[in-house]
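To start, the structure under review is shown below, and the notes come after it.
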Amino acid sequence: MSTYLIGDVHGCFNELQALLAQVSFNAKCDQLWLTGDLVARGPNSLEVLRFVRSLGPAVRLVLGNHDLHLLAIYVGVRRITHKDRMSVLLEAPDIDELINWLRCQPMLQVDDELKIIMTHAGIPPQWKIQDAKICSHEIESCLCSDNKLLFLKDIYSDKSNHWTPELNGFARLHFSINALTRMRYCAPNGQLDMIYKDAPGTAPAPLQPWFSLPRLVDSRYTLIFGHWASLNGQGTPKNVIGLDTGCCWGGALTMLRWEDRRYFIQPAK
Ligand SMILES: [Mn+2]
């Protein structure tokens with residue numbers, strides 16, 4: 001049994017299959033972890049969702065900002081754009097089942113034996129694991145409840161970027177969604193910057209990548225994330241691993257086998 005962790009798939013179904021074939025992935029005994037953003041940008045979002053869902057308990061995933069965007073389009077509170085490349089998916093005969101499965105997926109994965117924490121964008125400096133668990137659960141409860149899905153209309157609020165434990169209501173959900181699915185840079189006080197997006201080294205002072213600030217998360221755990229393709233898997237501290245290497249932009253899909261820390265790469269086809 002092996003544990004495989006793969007970065008943002010973004011509809012790159014062929015590369016996902018090629019990567020799994022490299023290691024003869026077997027859903028009966030192996031585990032597949034996915035950093036989220038299964039859909040959008042790439043050509044085959046529908047095939048990716050159908051396949052990942054079919055893996056059942058062999059897969060552990062988290063939702064990314066593009067997965068939330070899909071849910072928001074589905075419930076009619078956001079508009080699809082040409083860049084999304086999701087019109088085939090949204091017109092599929094099984095779209096209702098796929099959405100109902102997707103929206104009940106977690107925002108956070110924690111494995112206390114393997115000592116792995118995975119989210120789409122990262123864990124903000126101010127959070128302990130327990131904070132991440134509570135805040136993830138709050139989002140998951142909304143996503144899984146039909147009448148609360150409309151909150152997705154306003155998920156992209158750049159204003160809620162400063163954490164205090166007293167945050168509540170929409171401001172708290174916004175902070176959590178920003179931190180878990182969109183974060184890249186923080187100010188030295190840990191405040192999220194939701195504007196700057198380019199690779200480190202170009203960011204205006206005093207912004208720093210979230211993973212460069214001191215963290216409250218238990219340092220025995222390795223943090224796995226995706227989301228930030230321009231990092232290309234580089235520049236993170238030892239126990240923080242970015243797996244998004246921009247397959248949908250012509251880069252590659254990257255997979256880490258946890259047990260021997262070996263990397264497998266599938267260039268974009
Ligand atoms: Mn992504």
Side-chain angles (χ1 to χ4, degrees), residues 4-16 19 32-49 51-52 59-74 78 80-86 89 98 102-103 105-109 117-124 136 139 143 152 155-156 158 176-185 192-200 209-211 223-236 240-256 265-269:
Y4 296 99
L5 303 108
I6 296 184
D8 300 21
V9 176
H10 274 301
C12 295
F13 180 71
N14 295 335
E15 289 85 348
L16 176 61
L19 202 45
L32 177 63
W33 291 54
L34 298 167
T35 61
D37 278 2
L38 298 181
V39 299
R41 306 297 197 220
N44 300 111
S45 293
L46 174 58
E47 288 79 2
V48 170
L49 279 193
F51 171 69
V52 174
V59 72
R60 293 180 73 166
L61 63 90
V62 291
L63 297 178
N65 52 317
H66 288 273
D67 305 314
L68 297 182
H69 179 58
L70 168 62
L71 297 178
I73 293 169
Y74 177 82
R78 286 178 68 84
I80 189 168
T81 71
H82 183 63
K83 281 193 299 184
D84 293 328
R85 299 178 78 179
M86 292 195 292
L89 166 62
L98 293 170
L102 187 70
R103 72 196 181 95
Q105 298 303 312
M107 305 300 299
L108 168 76
Q109 294 280 359
I117 299 172
M118 180 174 73
T119 70
H120 181 61
I123 300 280
S136 295
I139 301 171
L143 292 176
L152 288 166
I155 50 172
Y156 299 102
D158 293 347
S176 301
I177 286 176
N178 286 343
L180 292 167
T181 73
R182 299 176 65 209
M183 171 178 70
R184 289 189 180 88
Y185 289 97
L192 311 184
D193 177 86
M194 302 314 301
I195 295 165
Y196 199 74
K197 294 186 172 181
D198 288 350
W210 64 268
F211 49 75
L223 295 184
I224 305 282
F225 71 107
H227 184 57
W228 198 344
S230 63
L231 289 177
N232 205 29
Q234 307 292 312
T236 54
V240 181
I241 299 176
L243 288 176
D244 185 6
T245 47
C247 192
C248 67
W249 308 114
L253 201 57
T254 293
M255 176 168 74
L256 170 62
I265 309 289
Q266 175 58 51
K269 292 185 182 230

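Counting convention: from 1, in listed order, for ligands and their atoms alike.
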Would you please name every residue forming a side-chain contact (heavy atoms from CB on, under 4.5 Å) with N65, sequence neighbours left out?
D37, H120, Y156, T181, R182, H227
Measure the shortest side-chain to side-chain distance between N44 and L16 over non-hydrogen atoms and say whether it is less than 4.5 angstrom.
no
Would you indicate whether the side-chain heavy atoms of L223 and T236 approach each other to under 4.5 Å?
no
Should D8 and R41 count as side-chain neighbours, where that means a heavy-atom distance under 4.5 Å?
no
How would you list all residue pairs meeting side chain to side chain donor-acceptor pair (under 3.5 Å) that involve residues 241-252, not counting sequence neighbours?
T245-T254
Residue set satisfying ring-ring contact (aromatic ring centres under 6.0 Å, His included) with W228, at least two apart, ordered chain then number -> Y185, F211
Provide the protein N, O or S atoms situated under 2.8 Å from the Mn ion (ligand 1); waters are not included.
D8 OD2, H10 NE2, D37 OD2
